Enquirer: 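Sharing a structure below in structure tokens format, with a few things to ask.
Atoms within a ligand are numbered from 1 in the order they appear, just like the ligands themselves. From a predicted model like this one, the values you see are computed outputs, not experimental measurements.
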Amino acid sequence: GKPIRIGVMGSGNWGTAIAKICGENAREHPEIFDTQVHMWMYEETVPYQGEQRKLTEIFNSTHENVKYLRGVRCPSNVYANPDVRDVSSRSDILVWVVPHQFVERICHQINGSVKSGSVAISCIKGVSVQEESVSLFSDVIQKHTGMYCGVLSGANIANEVAREKFCETTIGYDPDDTVNPRFTPEVISALFYRPYFRVQMVKDVAGVALGGALKNIVAVGAGIVDGLGLGDNTKSAVMRIGLMEMQNFGHVFFNCDRLTMVEQSCGVADLITSCLGGRNHHCAVAFVQTRKPMHVLEKELLNGQKLQGAATAKEVHAFLRHHNRVHEFPLFTAIYRIVYEGMPPEDLINVI
Ligand code: NAD
Ligand code: 13P
């Protein structure tokens, strides 16, 4: 059949790194993929070499995302496209990598434009919560666009992956017979596998999605520990308790395989990397030291990149409260109270 066309929705720190990977693989497997990869870029104007320029124009002439992934060159077959409907309508596989707060709006923007029979992969770390229910973004995307949606998540700090430092990732992909059979697990794996980016395919899609979402809450807790100047033992305790709460949450509400969290990159490994060096950890350290609200620190410290952990803590807390299960998740609850309700960070250790 015709080569499979790849679209990447999003061009932030991770979005650009993922587009780089897809571009490399599209080039390496022309028998499977169309070599040109379209990356949807939310257009903005940025200062560049003394003038104001469009980010898409800079990217398409230099192959560098100078705002969100500075210093990394993408392959020249990755094209930054500012038209979101054009990207969705031309793609057979649509890879979603946007901060989670924008997903629903983008689904409305592309309404009716999605190619029939296409599939999606979500690399988004977060959950969508309407108090009484919590949904995975793979399900949100599937519900709004009709595309079957798998999930990619792992211990993957974007700046390191983009510099080709070895890591692993997990892809949850379990399509039923209604999904176009050309999108086999082997094809999905070929789109993402690189020698420096090892892919493990699993069927527990919900477990993969929840690992990436919930570890962001724990990373805020690890940042609080470091902000307080407590030691590595304390941080490890927070990580262990966090891992148990991640596992229980997945098991209780989504019937996930308990082993996904403790055996896969999307669980324990992502938890570790995020608690050592991610953005959520970084901003939580600053939160304890300055006591400024997280959304202020996000603006001050991240140059347009987005935080997911604080928002996820709030969303998960609203859901747990609605279901009267708060007491079963003391760490998630304490992190929420510290960030949003003025609970002293020093009290973290007393309540977990
Ligand atoms: P980011 O944090 O760099 O956010 C910036 C992006 O948001 C830019 O592409 C910007 O154009 C876009 N944006 C800003 N305002 C917008 C608007 N109004 N509408 C639409 N888009 C807008 O993004 P990221 O790092 O690519 O993160 C995307 C997802 O990937 C998140 O769920 C994140 O948790 C996950 N993730 C990130 C990393 C990482 O290390 N950065 C690693 C793994 C997973
Ligand atoms: P942060 O958003 O906390 O930087 O985490 C990045 C990540 O998901 C690493 O796998």
Enquirer: Less than 4.0 Å between a side-chain N and a carboxylate O, is that true for R337 and D347?
Expert: no
Enquirer: Could you check atom 11 (O) of ligand 1 against the protein and tell me its nearest heavy-atom contact, residue, atom and distance included?
Expert: Y42 CB, 3.4 Å
Enquirer: Give a yes-or-no answer on whether the side chains of R85 and N111 include a donor-acceptor pair shorter than 3.5 Å.
Expert: no
Enquirer: Can you pull out the closest protein heavy atom to atom 10 (C) of ligand 1? Residue, atom name and distance to 0.1 Å, please.
Expert: Y68 OH, 3.6 Å
Enquirer: As an exercise, identify every atom of ligand 1 less than 4.0 angstrom from a heavy atom of N156.
Expert: 40 (O), 42 (C), 43 (C)
Enquirer: State, to 0.1 Å, how close V95 and C123 come at their nearest heavy-atom pair, and which atoms those are.
Expert: CG1-SG, 3.7 Å
Enquirer: For atom 23 (O) of ligand 1, which protein heavy atom lies nearest, and how many Å away is it?
Expert: P99 CG, 3.7 Å
Enquirer: Does a side chain donor of either T260 or D204 reach within less than 3.5 Å of an acceptor in the other side chain?
Expert: yes
Enquirer: Will you find, in the side chains of Q52 and T45, an N or O donor that is under 3.5 Å from an N or O acceptor?
Expert: no
Enquirer: Hey, which atoms in ligand 1 end up nearer than 4.0 Å to a heavy atom of Q308?
Expert: 31 (C), 32 (O), 34 (O)
Enquirer: In terms of atom number and element, which parts of ligand 2 are under 4.0 angstrom from non-hydrogen atoms of N280?
Expert: 1 (P), 2 (O), 3 (O)
Enquirer: On the 0 to 90° scale, with breaks at 30° and 60°, tag the F102-Y42 ring pair as parallel, tilted or perpendicular.
Expert: parallel
Enquirer: For atom 4 (O) of ligand 2, find the nearest protein heavy atom and state the residue, atom name and distance (0.1 Å precision).
Expert: R279 N, 2.7 Å
Enquirer: Would A158 count as being in polar contact with ligand 1, using the rule that some N or O on each side must be under 3.5 angstrom apart?
Expert: yes
Enquirer: In terms of residue, atom name and distance, what is the protein heavy atom nearest to atom 5 (O) of ligand 2?
Expert: K215 NZ, 3.2 Å
Enquirer: For ligand 1, indicate whether the residue E44 contacts it via side chain, backbone, both or neither (heavy-atom separation under 4.0 Å).
Expert: side chain
Enquirer: Under 4.0 Å from any heavy atom of C123, which atoms of ligand 1 are there?
Expert: 30 (O), 35 (C)
Enquirer: Within a distance under 4.0 Å of any heavy atom of G154, pick out the atoms of ligand 2 and give their elements.
Expert: 10 (O)
Enquirer: Can you classify the ring geometry of H29 versus F33 as parallel (below 30°), tilted (30 to 60°) or perpendicular (above 60°)?
Expert: perpendicular
Enquirer: Quick check for you: to the nearest 0.5 Å, what is the distance between I217 atom CD1 and L271 atom CG?
Expert: 11.5 Å
Enquirer: Is it true that a side-chain atom of N77 and a backbone atom of T35 form a donor plus acceptor pair closer than 3.5 Å?
Expert: yes
Enquirer: Any nitrogen or oxygen of T273 lying under 3.5 Å from a nitrogen or oxygen in ligand 2? Just yes or no.
Expert: no
Enquirer: Of the backbone atoms (N, CA, C, O) and the side-chain heavy atoms from C-beta on, which set of W14 has a member under 4.0 Å from an atom of ligand 1: side chain, backbone, both, or neither?
Expert: both
Enquirer: Out of curiosity, is R105 lining ligand 1, as in a heavy atom under 4.0 Å away?
Expert: yes
Enquirer: Who's the nearest protein heavy-atom neighbour of atom 21 (N) of ligand 1, and how far?
Expert: F102 CD1, 3.5 Å
Enquirer: Could an N or O of ligand 1 be found under 3.5 Å from any N or O of N13, whether backbone or side chain?
Expert: yes
Enquirer: Below 4.0 angstrom from a heavy atom of G12, which ligand 1 atoms are there? Numbered from 1 as shown, please.
Expert: 3 (O), 6 (C), 8 (C), 9 (O), 23 (O), 26 (O)
Enquirer: With heavy atoms of K125 as the reference, note each atom of ligand 1 found under 4.0 Å away.
Expert: 32 (O), 34 (O), 43 (C), 44 (C)
Enquirer: Give yes if a backbone or side-chain nitrogen or oxygen of G278 is under 3.5 Å from a nitrogen or oxygen of ligand 2, and no if not.
Expert: no
Enquirer: What I want to check is whether the side chains of T333 and R325 have a donor and an acceptor closer together than 3.5 Å.
Expert: no
Enquirer: Considering only heavy atoms of G15, which atoms of ligand 1 have at least one such atom less than 4.0 Å away?
Expert: 26 (O)
Enquirer: Hey, which atoms in ligand 2 end up nearer than 4.0 Å to a heavy atom of N156?
Expert: 9 (C), 10 (O)
Enquirer: Just to check, does G304 reach to within less than 4.0 Å of ligand 1 when the distance is taken from its heavy atoms?
Expert: yes
Enquirer: Counting heavy atoms only, which of N216, T169, D270, N159 is nearest atom 9 (C) of ligand 2?
Expert: D270
Enquirer: State whether a side-chain donor-acceptor pair under 3.5 Å links S113 with S88.
Expert: yes
Enquirer: Just let me know how V98 lines up against ligand 1, side chain, backbone, both or neither, with a heavy-atom cut-off below 4.0 Å.
Expert: backbone
Enquirer: Between the candidates H100, K306, R279, Q305, which shows the shortest non-hydrogen contact distance to atom 33 (C) of ligand 1?
Expert: R279
Enquirer: Are the side chains of Q264 and V208 in contact, using a 4.5 Å heavy-atom criterion?
Expert: no
Enquirer: Quick one, Q247 and V262 - any side-chain contact, counting heavy atoms below 4.5 Å?
Expert: yes
Enquirer: Enumerate the atoms of ligand 1 whose separation from the nearest heavy atom of I157 is less than 4.0 angstrom.
Expert: 40 (O)
Enquirer: Taking atom types as modelled, find out whether Y336 and E341 have a side-chain donor-acceptor pair closer than 3.5 angstrom.
Expert: yes
Enquirer: Do T170 and E168 have side-chain atoms, one donor and one acceptor, less than 3.5 Å apart?
Expert: no
Enquirer: Show the atoms of ligand 1 that are less than 4.0 angstrom away from any heavy atom in I124.
Expert: 32 (O)
Enquirer: Where does H281 meet ligand 2, judged by heavy-atom distances below 4.0 Å: at the side chain, the backbone, both, or neither?
Expert: neither
Enquirer: Considering only heavy atoms of K125, which atoms of ligand 2 have at least one such atom less than 4.0 Å away?
Expert: 7 (C), 8 (O), 9 (C), 10 (O)
Enquirer: Answer side chain, backbone, both or neither: which part of S153 comes under 4.0 Å from ligand 1, heavy atoms only.
Expert: neither
Enquirer: Find out whether S274 and V218 are in side-chain contact, i.e. whether some heavy atom of one side chain is under 4.5 Å from a heavy atom of the other.
Expert: no
Enquirer: Would you confirm whether D92, through its side chain, and R5, through its main-chain N or O, come within 3.5 Å as a donor-acceptor pair?
Expert: yes
Enquirer: Taking the six-membered ring for Trp, are F253 and F319 closer than 6.0 Å centroid to centroid?
Expert: yes
